[in-house]
Every structure is written in structure tokens, then in C-alpha cells.
Protein chains: 2
Amino acid sequence: MQNNKTEHMSSSPMVHVVDDDEAVLDSVGMLLDSIGLINTCYKDAQEFLDAYSETEFDKHNGCILLDIRMPFISGIECQHRLEQMGCRMPIIFVTEHGDVPTAVEAMKNGAAEFIQKPFREQLLIDAIQKALQTNMKNQKRLEIVNQTQGKLASLTNRENQILNAIVTGKANKVIAIELHLSQRTIEIHRAHVMDKMGVNSLAELVKVVIDASPTD
Amino acid sequence: MQNNKTEHMSSSPMVHVVDDDEAVLDSVGMLLDSIGLINTCYKDAQEFLDAYSETEFDKHNGCILLDIRMPFISGIECQHRLEQMGCRMPIIFVTEHGDVPTAVEAMKNGAAEFIQKPFREQLLIDAIQKALQTNMKNQKRLEIVNQTQGKLASLTNRENQILNAIVTGKANKVIAIELHLSQRTIEIHRAHVMDKMGVNSLAELVKVVIDASPTD
DNA sequence: CCTAATCTAGGTATAAATGCTTATTGCTGT
DNA sequence: ACAGCAATAAGCATTTATACCTAGATTAGG
């Protein structure tokens, strides 16, 4: 039961546009088309959330244009749900009825931008471009982290236990005593850990483990 | 010439209040006094910036309440200058004339909060308390990082060179070959590095170096 | 000029980690 | 019941790292 997801298809980024006003969807959609940005429009937040949860597209490569005032589910509420669903795509709020508290709330929740209508087209384009840019960088990081976590998941309990002792800086001898095991056994587990984690030195091991840990 | 700064005087946090309206300074000052928060008031940004640059107080323990609209230097401009001066204290904007773009700008620049007047007193107090809280955590981290960087600065050029090779995962033998030096010499430098960095194992060394590096 | 620091390196000894082989035990899924 | 994996552990050879000692060359500072 190995984790065998080599989903490395780095396709074009998708811009998801969520707005209850169809006129806005049309105009923004055309704007995006005109500069060659693949996009999908959703007429309400629920529609987008459904699409998102049902794996209909690359959940990582792209960004989201979100209206604030929408029926049923507001933009902020949608942002929260996406956060909970593990979505890491940058969110750009685009709204007509934006007040300061809402904007502050959105930004504190990690929004990439908060743009008020009417806006210069270039402003939106720049924001999108920047969002896609940062997203790409984040993704590269996340991919590495995910790979490492996959490897970590392939460790047995014992191996994991020994790994933690190793990165703590304990010598095999010490680990052996603490776990009431033969030093030889620790050495074997240690070798397995190095293998499975795909590293050639203790330094590398510590590094990959550190920057895949949540404390980052 | 050892770096001997053991400035560990963790005094009470200072709330710096910057507003051109003296009535506001008075009322906020009294509010802070009433809940036991040490505070200093400044009637314009320049006054605060001067005080900040002239080391008149602990530059790290506290937070800043900043008005947006002020003569000469705006709140946002002040935020930028503080950023450039290396100030890491959280900034809470408090303003009467707040528009969405300004709020978004402030938040993107890392503001902790953006509060519009008039506000409920508790709202400001909560914001301050939270800012001081997060600042304290950040400070603990920064202190450790600074200590490590002090140690790093005490390394000679060679030692630094060897350190980098070590955390890259290279064996002494390899380093010796690469630097056209005796393996013996590398071993000695390595031992000095371990001493100066105050660690007992390679794992510890890698960890302290990693999380004191700017890539964090 | 002399001292201190730095960089260099050899000797010797021990400790630790690595690689390779073999082997027993217990658990799990077919 | 049998195959496969995980965990345990011993032997043996080799490589690496450490610890402690001495010591020459160079350089920067007083």
C-alpha cells in the first residue's frame, strides 16, 4: 500500500471566477480569455465549492476571483470553507460593496488581494499574474514537502521512532539503551530510514525532516 | 572581540501611540493606563521615528498604534520606514478616514490590525493584547536566531567554509579533497565549529544553522 | 618586535557509523 | 499452511568521526 501519486502534470493555471452577477462573469471571462488565461466561471460559491470537492480540476494550480456579496454563501464564508478544505490557491476578492472591516478580515484570512469595482483592467491582471506567480512558488515547496511526507508515511513505527531519536542528535548507542534494544538493531533501522527517506547523510536527513515538519 | 550581548532584560511591553490628534492620544493613553499597559504618545510620525532610531526604549517588546492620516508622514509611510529600520513590532492602524485600498495596502505590508474610529474600546484592547502576544512569540524566536547568528559570526572564514560543507552532508574526506587540505585539518576545523556553535551532534548543528538562515 | 589568532598537519587511540551476511520470531494476508 | 514483512540481533570488515597531544607557518595587532 505505497503512496504512489506521481501527479506531476503541470498544466496551465486555471483562474476560477465566482460571482453571482453574470454580466461580471462574462466580462471578466472575456478579459481573461483575451490575455490567454484559462478560466472557469461559477455563478455562486456553492457551485465552485462542489466543483472543488469533486476533483474536477487541478486543485493547486491557479487562483480564485471571489465576489464578496453573493447569495447563500458570502465570499468570506467561501474563503473559510476553502481554507478548511485545504485549498491553498490564492484568493483575489473583487467586489462592489467592500467595506473596510470586510477587507481587513479577508486579508487577515490570507487573501492575496482585495479589489474594488470598478477597477482598471490592468490592476486585476497584475493581481492575477502575481497570485499565479506566488502560487507556483508555493506549489514547488509543497510538492517537496508532500514527497517527504510520503516517505515519512512509509516508515514503520519503529523506524519513525528511531528517526526522531536520530534527528534529536542521539547516538545509536544511546537510542539502543533507551529502547532496550541492541545497538545493531538501531543501526539497521537507521539504515532503513536513510534508504526510505532517500538521503545519503545525516545532514540531509535532518534537513528534509525539518522542512517537512508542521513547525515550519 | 567576542559578541557579548546578554541583553535579556524582558521588561514590560510598551504601547507606542502615534496620532496627530491630541484628544485621541489622551483618551487612548488613559484607556491603556486603565488596563495597566505602559504607553508612550507621539504627536506625529517623525517624533516616533526619531525616538525609535535613537534607542530610547526596547525596540522589540511592544506594539504600535498608528493613525493613517497625519501631516508630513502618513501612517502607511511610517509603516514602510519602520520596516526598513528593521522594526518588527506589530502595527495596529487606528483611523477615522480609512478607505478600502489603504486598509488592504496596510494589511499587505504586514499590519496586525486596521481599526476604524469610532470603535468599541474592547476591540482595541483585544487587538493590542493579541499583537503583544504574537510579538512575544516572535521575539523568542528572534532571540534564538540572533544568538545563533552571533555564534556564526564568531567563526573564521575557514570554519565557515567547512560548516557549509558539513551541513551539505559532505564527509570530512570529501571536504579535504575539495579544499586541497589534510583530512586532519578538516577534522580540527569541524571540532572548532561544533564548539563555537555550542552543539554536541551533527543533527543539532544542522538544525540551528537551518533555522537561523534567511531562507526561513 | 612580540603575542595572539589562525591555518595547517602529523601521531595515536577510541568511538561511532556503515555495509554485508545470516537468522529467529511473530504477525498478516492469501 | 505458506509467503512476506517487520523487528530483533549477532559477526565481521571498513570507513568516519572524535578526542587529546604536539607543532610549524603566517598574519594581524599592540
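Below, chain A is the first sequence line, B the second, and so on; all start at residue 1. Since we're looking at a predicted model, the values are computed, not measured.
For S182(A), counting side-chain heavy atoms from C-beta on, the closest listed nucleotide (dA17(D), dA6(D), dA9(D)) is dA9(D).
Following rounding to the nearest Å, L179(A) (CG) and dT8(D) (P) show an atom-to-atom distance of 8 Å. One can place CG of N172(A) at 15 Å from C1' of dT8(D), the figure rounded to the nearest angstrom. Counting to the nearest Å, the P atom of dA6(D) and the CG atom of L181(A) are 17 Å from each other. At whole-Å resolution of the value, NE2 in H180(A) and P in dA7(D) are 18 Å apart. Rounded to an integer number of Å, the gap from CD of Q183(B) to P of dG11(C) is 13 Å. For the pair E159(A) CD and dA7(D) C1', the computed distance is 10 Å after rounding to whole Å. For the pair H192(B) NE2 and dA5(C) C1', the computed distance is 11 Å after rounding to whole Å. The nearest whole Å value for the distance from the NE2 atom in H189(B) to the P atom in dC7(C) is 6 Å.
The closest donor-acceptor contact from the side chain of N39(B) to the backbone of L37(B) lies under 3.5 Å. Judged by distance alone, the side chain of Q139(B) and the main-chain N or O of N61(B) form no donor-acceptor pair under 3.5 Å. Checked by atom type and distance alone, the side chain of K59(B) pairs as donor or acceptor with a backbone atom of Y52(B) at under 3.5 Å.
T185(B) comes within contact range of at least one nucleobase, with a heavy-atom separation under 4.0 Å.
The phosphate of dA7(D) has OP1 or OP2 within less than 4.0 Å of a side-chain N or O from T156(A).
Comparing I188(B) and I188(A) along DNA chain D, the residue whose closest nucleotide (by nearest heavy atom) sits nearer the 5' end is I188(A). Residues A171(A) and R158(B) both approach DNA chain C. Their nearest nucleotides, taken by heavy-atom distance, put R158(B) toward the 5′ side.
Counting atom types as modelled, R184(A) pairs a side-chain N or O with a base atom of dG19(C) as donor and acceptor under 3.5 Å.
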Point to revise | Check against salt bridge (charged side-chain N to carboxylate O under 4.0 Å, His left out), R184(A) and E187(A) | key: CA-CA 5 Å; R184(A) 212 62 251 296; E187(A) 287 166 8; 2.4 Å; yes
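F114(A) and F93(A) have tilted rings, their planes meeting at an angle from 30° to 60° on a 0 to 90° scale.
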